[in-house]
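Let me begin by handing over the structure; questions about it come next.
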Amino acid sequence: MRVASPGLWDFCPDPEDGGVARGWHASGVPQGAPGARVAAVPGSWNEQFSDLRDYLGPCWYSTRVTLPLWATRSSGNQHRLLLRIGSACYAAHVYVSGTLACIHEGGHLPFQVDVGDLCEAAGCSFIVAIRVEGVLSPERVPPGNLAQRAQQYPNISLDFFPFCGLHRDVCLSILPAGGIEDVTFTTTEIAGDGSATATAVVVLGAPADAHGAVVVAALRHGAGEHVEDAVVAPDQQRALLTWQLPPGTPLWSPESPALHDLHVELRVGGVAVDSYALCVGVRTFRVAGSQLLLNDRPFKLRGFGKHEDAPLSGRGLNLPAAVKDAELMRWTGANSYRTAHYPHAEESLDIADRMGLAVIGETPACYMCFHDSQNAIDARQAALCDAVQGLISRDKNRACVIMWSLANEPECNAHMKTHGISVPPPEDESWKAKGQQFFEHVFTLARSLDLSRPLTLAAHPDSDISWIRHSDVVCTNRYNGWYSQPGCIGEGVARLGAKLDQEYAALQRPFILTEFGADAVCGVHAEPPEMWSEEYQRDMLAAYLDLGADRPWLVGFHVWNLTDFKTPQAVRRPGGINHKGVFTRDRRPKLGAHYLRRRWLPELQAESGHI
Ligand code: GCB
């Protein structure tokens, strides 16, 4: 059930943070309050209101919800009523009818709270009021307002705008008490004859009673149906179901993204008391030596890093933009992308599952740094661990998600200097060991949650090798010919090739270039090509892609970026935009996009058997 989302909410900035004192948490934002207005949800307030473009402080959203009678407990139902917020950037205080239902920190991932009792007390109709703020802090993930000012505004070293607001849908879900709490679907093996083994672990919200329960799960694709069942013994809460699927079972891959409907039913005393349905793919993905294997066949990634960013909606869910971006990726012949630099909306993953785009799912840990106080480092580690748990539990059943990226460009001193942040003297290398401990902890947690996907982090060229060693696949972001060797693509790419060869010799595992590219201001041309022109961007992409020709371990190329995107204001970001997109922010192709299509589309067509 949707709660006025998508829709218009009462909205008001609250720079003095006096909303609770004024009673807005109980009565909602009054229409006549100074600054009160309506705001679109989902959406970023920074794109909707000129006076709030750079404002990151507290704002209130409120709306009245009226439940149908059948959804209230007074109807005799003992169900749970969950308020689910898809993404609030960065932190939210959620009030139902004036009572604080929950506080949540961390954007880009859903959180939910059982509001059944609060709603019961309030009756059928009540106010949901949410105080959202995106204040930058060294203790948040990603960090901002570090002691030293970054050379950009707002004060964050990130290269993407810190949009704020209710960025995804707000829903109420009604669930039976003690029903199906969680389902984890995994393809464990694809045998040489094409048969497959898959499992589902089903967890109940409460232990089964003295008579036990039965879980029945059907896996369907077209006319094919495979039904399995498992008994949940008294006092137990879990069931394991295993399918032996015959040869010829359609597998998920970018060239043939077959999805199966998984329908799970919980029966107590022979009566169905709950059911849950989701789309899954039968597929395996693993590292073998220096190769990636999808369904036990070598797989190479062609694609992009991309943001959630569009004019007017900012980082808010924008379904037409999500569909368009997937279409544009396919138009170039791409088969994959990375959700830089945070988890993207579930709807985007629905599109990727259905269209066959393999996804590297990234946490919000962009530019983790290890040069400030241990308290701040610990706070970021705790926040990142929450995000890793949230991300894996949200996306673990996605066929499209092939790998988890636990961080982007953890900061090394050389990098921080380029952001104008003061760094310890060179002899103080304690940041390396602190980073190593930090990643050891985070990677161990991720491995305990999901063994079916390789782990990585998207490294900066100067990231310490002790951090990178935690990765099953080396992902590395490189800008030779742009930030280093500017104007000299040939020299830059030659140096990069030599450096990558050394790194491969040390690490001996698959490598993916998760970022490379050049800013091109749309419409700027130059012959011979020079920086900021479309020709320079095109030539740079071509030279990087050529690096793969004699390096079989270089198994992926993700161009930075699919589209131009909004950044903080900085001297190197004309118009507050990063121009490394091969499409503009309004999704028009530059020369680079046409080049990629010429190079990649024939590969995609050959893989799909279309030529
Ligand atoms: C990077 C960052 C990305 C930036 C990009 C750039 O290495 O990971 O967030 O946008 O460089 O364009 O500078």
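Computed from a prediction, not measured in an experiment: that's the story for all the values here. The figures that follow rest on heavy atoms only: side chains count, while hydrogens, waters and symmetry mates do not. Counting starts at 1 for both ligands and their atoms, following the listed order.
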Ligand-side contact atoms (ligand 1) for residue partner N578, heavy atom cut-off under 4.0 Å: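 By the 4.0 Å cutoff, the relevant atoms are 6 (C), 10 (O), 12 (O).
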Side chains of E409 and N477, donor plus acceptor under 3.5 Å: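 Short answer, yes.
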Sub-4.0 Å heavy-atom contact, R573 with ligand 1: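 Heavy atoms of R573 do come under 4.0 Å of ligand 1.
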T567 and ligand 1 - part of the residue with a heavy-atom distance under 4.0 Å: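 Within the 4.0 Å criterion, T567 makes no contact with ligand 1.
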Location of contacts on H460 toward ligand 1, heavy atoms closer than 4.0 Å: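 Neither part.
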contact_flag Y483 ligand 1 heavy-atom lt 4.0 Å: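 Yes, that is the case, since the closest heavy atom of the residue is under 4.0 Å from the ligand.
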Parallel, tilted or perpendicular: rings of F111 and H104 (30°, 60°):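 Parallel.
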Of R598, R302, R597, the residue whose pairing with E603 passes salt bridge (charged side-chain N to carboxylate O under 4.0 Å, His left out):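 When salt bridge (charged side-chain N to carboxylate O under 4.0 Å, His left out) is applied between E603 and each of R598, R302, R597, only R302 qualifies.
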Quiz item: cation-pi between K306 and F565, 6.0 Å / 45°: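 Verdict for F565: no cation-pi partner in K306.
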Atoms in ligand 1 with a heavy atom of F565 nearer than 4.0 Å: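 So the answer, numbered in order with elements, is 10 (O).
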4.0 Å heavy-atom contact, F516 with ligand 1: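 No heavy atom of F516 comes that close to ligand 1.
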D159 N/O to ligand 1 N/O under 3.5 Å: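 D159 vs ligand 1: N/O contact under 3.5 Å present.
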Min N/O separation N408 to ligand 1 under 3.5 Å: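 By distance alone, the answer is yes.
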Check: F160 ring centre within less than 6.0 Å of H341 ring centre: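 Yes.
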NZ or CZ of K434 within 45° of F370 ring axis and under 6.0 Å: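 Here K434 fails the 6.0 Å and 45° test against F370.
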Part of Y367 within contact of ligand 1 (heavy atoms, under 4.0 Å):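 Answer for Y367: side chain.
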Flag for R469-S471: side-chain donor and acceptor within less than 3.5 Å: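 No.
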Close-contact set for ligand 1 against N477 heavy atoms, below 4.0 Å: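 Answer for ligand 1: 8 (O).
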Residue part near ligand 1, for Y479, under 4.0 Å between non-hydrogen atoms: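 Near ligand 1, Y479 shows its side chain, while the N, CA, C and O stay back.
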Short N-O contact, D586 and R588, less than 4.0 angstrom: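 The answer is yes: the pair qualifies as a salt bridge.
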